[in-house]
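Have a look at the structure below before the remarks.
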Amino acid sequence: VAVTTFQDGDGDTKIQVEESSDEDKIRFDTGGTERVIIDSTGVGIGTSSPTQKLDVVSTSAGNTTIPLVIRNSGSTSTGTEAKLFLSTVADEARGAFVSSIITDSSNGNALLLGTNTAGASPVERMRIDSSGNVGIGTTSPSATLHLANAGPSIKLEDTDNNSDYEIKNGNGTFRIIDTTNSTDRLNILSSGNVGIGTTSPDSLVDIEAVHSQLRLTDSDDSKFVLFSYSGGKLIVRNNSTSTTANQFTLTEDGNFGIGTISPNEPLTIRSSSENINCTLLEIGNDLHATNTKDAWMKFVAGVPGADG
């Protein structure tokens, strides 16, 4: 088989067809070094054995080497792009693209990623602008990560424990959704009302649950107070979760109970102490602790303000 070579005068720059018999390769050399090779697999740049249609290899160490550059030097005007198109069909209008686009008069560049839906041309889906902000659904990201569409959301999937959550903003409501159990865990309305266990909070903080509770804990000593609401009763327990330890109770009728969850009078005081001499109510006048002064309790029946 004939070997065909086109070369310069000193033979260090050349195009060579089949260096050896029946090799089926074309080589391109400059300065005595092979730069490109074409074989039955593909085109190799920096390699004599390409493994893909185009195989670009650099053997230089460090992070400053750029083995491949795609450049559009036709203009420095805003909107000029250098684009790489990827497609799995014969129609070049369908597929995905990666693009660098000039976005301002200072030649700042943004990186664009585009995809297409079935039967349509690809459109921009994500952008990293010249400041590093990432935009999905927007060409002008104003935060480190900026999502924009009708009801943007982020899903957090735990592959270890099958517990998934979604953070969503839609119709003026910020939502945290337990997607595993199809339940809203937190809602913040445009009015600022916060709902836990409800999607329609009626006050600044609205907690809805069967036997809803609110717990306040002191991080200094881990003691806490527990507010519970159930059956029309507000029950407060200080540093206890026991249903028998009820420091005070307020019913929907306005009855107030100390030491009981079932006050049957406007004020009901009970003690679980077995001491028959236990004190249920103590009234003192601390303003005159060193003097002999009286402390009074006044009982009024009938019209408020009348003596009793």
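Sequential numbering from 1 along the given sequence is applied to the chain's residues. Worth saying up front: this structure is predicted, and the values here are computed from it rather than measured.
Sparse packing is recorded around CG of N171, with 12 or fewer heavy atoms of other residues, nucleotides or ligands lying under 6.0 Å away.
Remark: E166 does not engage K155 in a salt bridge, criterion side-chain N to carboxylate O under 4.0 Å.
A distance-only check finds no donor-acceptor pair linking the side chain of N161 to the backbone of S163 [under 3.5 Å]. Between the side chain of D158 and the backbone N or O of D160 there is at least one donor-acceptor pair closer than 3.5 Å.
A single hydrophobic cluster is seen to contain both I128 and L145, as judged by linkage of ILVMFWY side chains at heavy-atom distances under 4.5 Å, directly or through other members. Linking ILVMFWY residues whenever their side-chain heavy atoms come closer than 4.5 Å, directly or via other members, leaves M126 and V123 in distinct clusters. Both L250 and V225 belong to a common hydrophobic cluster when Ile, Leu, Val, Met, Phe, Trp and Tyr are linked at side-chain heavy-atom distances under 4.5 angstrom. In the hydrophobic clustering of ILVMFWY residues, with side-chain heavy atoms under 4.5 Å counting as a link, I38 and I15 come out together.
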Show which side-chain atoms of residues 226-234 pair as donor or acceptor with protein atoms under 3.5 Å away, not counting sequence neighbours.
{"from": "S228", "atom 1": "OG", "to": "Q213", "atom 2": "NE2", "distance (Å)": "3.2"}
{"from": "S228", "atom 1": "OG", "to": "R237", "atom 2": "NH1", "distance (Å)": "3.4"}
{"from": "S230", "atom 1": "OG", "to": "H211", "atom 2": "ND1", "distance (Å)": "2.4"}
{"from": "K233", "atom 1": "NZ", "to": "I261", "atom 2": "O", "distance (Å)": "2.9"}

Return all side-chain donor-acceptor pairs below 3.5 angstrom for residues 43-53, not counting sequence neighbours, or 'none' if the list is empty.
{"from": "T47", "atom 1": "OG1", "to": "S49", "atom 2": "N", "distance (Å)": "3.1"}
{"from": "T51", "atom 1": "OG1", "to": "D55", "atom 2": "OD2", "distance (Å)": "3.1"}

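The line from OG1 of T260 to CD1 of I269 is 11.0 Å long, rounded to the nearest 0.5 Å. Note that CD1 of I176 is 14.0 Å distant from NZ of K168, once rounded to the nearest 0.5 Å. Once rounded to the nearest 0.5 Å, the distance linking NZ of K25 with CD of E34 reads 8.0 Å. From T268, atom OG1 reaches atom CG of N255 across 6.0 Å, with rounding to the nearest 0.5 Å. With rounding to the nearest 0.5 Å, the separation of CG in N169 from CD1 in I167 is 11.0 Å. With rounding to the nearest 0.5 Å, the separation of CG in D164 from OG1 in T180 is 4.0 Å.
For the pair I207/V205, a side-chain contact is recorded, criterion being any heavy-atom separation below 4.5 Å from C-beta on. Inter-residue side-chain proximity for P141 and V134 is flagged as unmet; no heavy-atom pair is nearer than 4.5 Å. Using a 4.5 Å heavy-atom cutoff, the side chains of R35 and T33 are in contact. Two residues are said to be in side-chain contact when any heavy atoms from C-beta on lie closer than 4.5 Å; V98 and L112 fail this criterion. At least one side-chain heavy atom of P122 sits less than 4.5 Å from a side-chain heavy atom of F85.
Of all the heavy atoms in T251 and P263, the pair that sits closest is CG2-CG, 3.6 Å. Closest approach of S142 to N133, counting heavy atoms only: C-ND2, 3.8 Å. A148 approaches T138 most closely through the heavy-atom pair CB-CB, 3.9 Å. T65 and P67 get closest at one heavy-atom pair: O-CD, 3.6 Å. Residue S153 comes nearest to L147 through the heavy atom pair O-CD1, 3.8 Å, listed as atom of the first residue, atom of the second, then distance.
Members clustered with L86: I70, L84, by chain and number, using a 4.5 Å side-chain heavy-atom cutoff among hydrophobic residues. Clustering of Ile, Leu, Val, Met, Phe, Trp and Tyr side chains at separations under 4.5 Å leaves I37 isolated, with no partner residue.
Remark: N149 pairs with P152 by the side chain to side chain contact (heavy atoms under 4.5 Å, CB included) rule, at least two apart or across chains. Annotation: ring pair (Phe, Tyr, Trp, His ring centres under 6.0 Å) contacts of F97 (sequence neighbours excluded): none. Partners of V69 by side chain to side chain contact (heavy atoms under 4.5 Å, CB included), not counting sequence neighbours, listed by chain and number: I66, R71. For R185, the salt bridge (Lys or Arg N to Asp or Glu O under 4.0 Å) partners two or more places apart in sequence, or in a different chain, are D178. The side chain to side chain contact (heavy atoms under 4.5 Å, CB included) test applied to T13 returns D8, T30, not counting sequence neighbours. Residues satisfying the salt bridge (Lys or Arg N to Asp or Glu O under 4.0 Å) criterion with D184, sequence neighbours excluded, are R175. Qualifying salt bridge (Lys or Arg N to Asp or Glu O under 4.0 Å) partners for E208, counting only residues two or more places apart in sequence or in other chains: none.
Stacking of R215 on the aromatic ring of F224 is recorded, both the 6.0 Å distance cut-off and the 45° axial limit being met.
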Review point. Is there a side-chain contact (heavy atoms from CB on, under 4.5 Å) between S40 and D24 once you walk through the steps?
Key: CA-CA 7 Å; S40 58; D24 296 329; 5.8 Å; no
Practice item. Report the C-alpha separation of L156 and I154 in whole Å, then their side-chain angles, then the decisive distance to 0.1 Å, and conclude whether the side-chain contact (heavy atoms from CB on, under 4.5 Å) test is met. Key: CA-CA 7 Å; L156 307 175; I154 299 175; 4.0 Å; yes
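Counting only residues at least two apart or in different chains, side chain to side chain donor-acceptor pair (under 3.5 Å) contacts with residues 96-108 comprise E81-S99, S100-N109.
Looking only at atom types and distance, the side chain of R127 has no donor-acceptor partner in the side chain of T139 under 3.5 Å away.
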